[in-house]
Amino acid sequence: MRYILLTLIFSIFFVYGVSGLSITLGEATYNNPEYKKAMIDYFQSKTDKSIKDVSVEVIKAQDVNRISEDVTGKVYNPDQIFSCAMVDLDNDNLTIVVDQSKIKNVTPQMYANSLKSAGIEKGYVVVSAPLSISGETALMSIFKSYETLTGTEIPDDVKKASLRELRLQTRLVTETGENGDTIAQLISEIKNGSENINDTQKIKEIVIQAADKRDIDLKSTQIEDISQVIADSQKVQGLATNFKKRLEHETGGGLEDQLYSWLQSRYDYLIDLLST
């Protein structure tokens, strides 16, 4: 049976061009032909693969609001969702390209910190928008692309923890006057030092040491907030186990294993659709 399935997927590979590539457009962008074309052209300029046959997914306001409302308190209308992302799993290291002519508040390292909280440490990620945006909700577009490629959803609690971490980083830039890269490096160091620790008091000590090392003056409330956000991220790690296993399977092994995994993910996806 396995080799029958592999024969089918090799046929699909040659006919449809399975590439490990996914594009997600915000619904306001998708519904505007000019914006849609601009984003497709931009993403094509950032990869040597042909994206003309890549299916385009849409991230809707309801998908964003389900996560953002509890984190930021913001509720978006469909005509406000512009953020777009492209993800290519054919990359062993997590590499992020941000169109900073459009995305003002979030740096590649900030996205990397938040993605790693969801267990994402592989892939080539490109983030953009057809007009100027803050960049926080673009995290949902990135997640959507990874879910499309793996056929596995990232739990909402994991997404919320990751978005909370991203929002904390952008807030600290404003409050401290430090640049985005400095804050992102601070958070990365704290996360590395507090791996598998969810005790806020212990994390607080790591925060203070990391800030002192970088000569960053943090207020007591900021130290508390950082400690709590990192602890919350640690607590939800177990919820992303299925997603992380599927991601590892998709990006590991030989071509045969990757193609078999891809077919299995499409099968699981269809079964889920039929059962709802």
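With hydrogens and angles disregarded, no donor-acceptor distance shorter than 3.5 Å links the side chain of Asn198 to the backbone of Lys235. For the pair Ser68 (side chain) and Lys74 (backbone), a donor-acceptor distance under 3.5 Å is present. Between the Asn31 side chain and the Glu27 main chain, a donor and an acceptor come within less than 3.5 Å of each other. With hydrogens and angles disregarded, a donor-acceptor distance shorter than 3.5 Å links the side chain of Asn113 to the backbone of Ala184. Listed for the Arg246 side chain is a donor-acceptor partner under 3.5 Å among the backbone atoms of Thr150. A distance-only check finds no donor-acceptor pair linking the side chain of Thr72 to the backbone of Glu69 [under 3.5 Å].
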Handout entry: Trace of the side chain to side chain contact (heavy atoms under 4.5 Å, CB included) decision for Ser141 with Cys84
Key = CA-CA 6 Å; Ser141 297; Cys84 306; 5.7 Å; no
Exercise for the section: Let me see the working for Val106 and Ser134 under side chain to side chain contact (heavy atoms under 4.5 Å, CB included), right down to the final yes or no. Expected result: CA-CA 7 Å; Val106 187; Ser134 68; over 6 Å; no
Exercise for the section: Go through Tyr42 and Met86 one step at a time and tell me if the side chain to side chain contact (heavy atoms under 4.5 Å, CB included) criterion holds. Expected result: CA-CA 10 Å; Tyr42 177 78; Met86 178 177 73; over 6 Å; no
Exercise for the section: Apply the test side chain to side chain contact (heavy atoms under 4.5 Å, CB included) to residues Glu121 and Leu247: give CA-CA distance (whole Å), side-chain angles for both, the deciding distance (0.1 Å), then the verdict. Expected result: CA-CA 9 Å; Glu121 299 190 54; Leu247 179 60; over 6 Å; no
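Between Leu21 and Asp88, the shortest heavy-atom contact is CD1-CB, 3.3 Å. Pairing each heavy atom of Ala85 with each of Ser145, the nearest pair is O-OG, 3.7 Å. The two residues Met39 and Ser128 make their nearest non-hydrogen contact at CE-OG, 3.6 Å. Looking at every heavy atom in both residues, Phe143 comes nearest to Ala118 through CE2-CB, 3.8 Å. Of all non-hydrogen atoms in Val54 and Ile23, the two that sit nearest each other are CG1-N, 4.2 Å. For the pair Gln100 and Pro108, the tightest heavy-atom approach, listed with the atom from each and the gap, is NE2-CD, 3.8 Å.
Residues Ser101 and Asp99 bring a donor and an acceptor atom of their side chains to less than 3.5 Å of each other. For Glu57 and Thr24, the side-chain atoms include no donor-acceptor pair closer than 3.5 Å. Side-chain contact check for Ser117 and Ser162: no donor-acceptor pair (N or O, by modelled atom type) lies under 3.5 Å. Counting only N and O atoms by type, the side chains of Thr200 and Ser227 include no donor and acceptor under 3.5 Å apart. Between the side chains of Lys245 and Thr152, no donor N or O sits under 3.5 Å from an acceptor N or O. Gln228 and Asp232 share a donor-acceptor pair across their side chains, judged by distance under 3.5 Å alone. A donor atom on one side chain and an acceptor atom on the other are not found under 3.5 Å apart for Gln234 and Asn196.
Using a cutoff of 4.0 Å between basic side-chain nitrogens and carboxylate oxygens, Asp92 and Lys122 are not scored as salt-bridged. A salt bridge links Glu175 to Arg171: one of the charged nitrogens lies within less than 4.0 Å of a carboxylate oxygen. Of the charged side-chain nitrogens involved, at least one lies within less than 4.0 Å of a carboxylate oxygen, so that Glu147 and Lys159 count as a salt-bridged pair. Ion pair Glu136/Arg167 flagged as a salt bridge, since at least one NZ, NE, NH1 or NH2 atom sits closer than 4.0 Å to an Asp/Glu carboxylate oxygen. Salt-bridge formation is not detected for the pair Arg214/Glu178: no Lys NZ or Arg NE/NH1/NH2 atom is positioned less than 4.0 Å from an Asp or Glu carboxylate oxygen. Between Lys37 and Asp41 there is a salt bridge, since a side-chain N of the basic residue sits under 4.0 Å from a carboxylate O of the acidic one. With respect to Lys219 and Glu224, no salt bridge is recorded, no charged nitrogen being found less than 4.0 Å from a carboxylate O.
A 6.0 Å sphere centred on CD of Glu153 holds no more than 12 heavy atoms belonging to other residues, nucleotides or ligands. Heavy atoms of other residues, nucleotides or ligands lying less than 6.0 angstrom from NZ of Lys60 number 12 at most. At most 12 heavy atoms of other shown residues, nucleotides or ligands fall within 6.0 angstrom of atom OH in Tyr30.
In this structure, CD1 on Ile142 lies 5.0 Å from CG on Leu115, to the nearest 0.5 angstrom. Here the straight-line distance linking atom OG of Ser194 with atom CD1 of Ile230 works out to 5.5 Å at 0.5 Å rounding. Rounding to the nearest 0.5 Å gives a distance of 7.5 Å between OH of Tyr111 and CG of Leu139. Residue Gln185 holds its CD atom at 11.0 Å from CD of Gln169, rounded to the nearest 0.5 Å. Separation of atoms CD1 (Ile190) and CG (Asn192) is listed at 10.0 Å; rounding is to 0.5 Å. How far CZ of Arg164 is from CG of Asp225: 11.5 Å, rounded to the nearest 0.5 Å.
Side chains of Tyr124 and Val97 form a contact here, defined as non-hydrogen atoms less than 4.5 Å apart. Side-chain atoms of Thr182 and Ile216, non-hydrogen and from C-beta on, do get closer than 4.5 Å to each other. When side chains are defined from C-beta on, Ile103 counts as touching Ile133, because their heavy atoms get closer than 4.5 Å. Taking the side chain as every heavy atom from C-beta outward, Leu25 and Phe43 approach each other to under 4.5 Å. Residues Ile187 and Lys191 are in side-chain contact: their nearest non-hydrogen atoms beyond the backbone lie under 4.5 Å apart. Using a 4.5 Å heavy-atom threshold, the side chains of Ile197 and Ile206 count as touching. With contacts defined as side-chain heavy-atom distances shorter than 4.5 Å, the pair Ile120/Phe243 qualifies. Considering only heavy atoms from C-beta on, Asn77 comes within 4.5 Å of Gln80 through its side chain.
Residue Ser22 is tested with Leu149, Ile51, Val56, Leu89 for a side-chain contact (heavy atoms from CB on, under 4.5 Å); the sole match is Leu149. In summary, of the residues considered (Val87, Val126, Val125, Thr107), a side-chain contact (heavy atoms from CB on, under 4.5 Å) with Ile96 occurs for Val125 alone.
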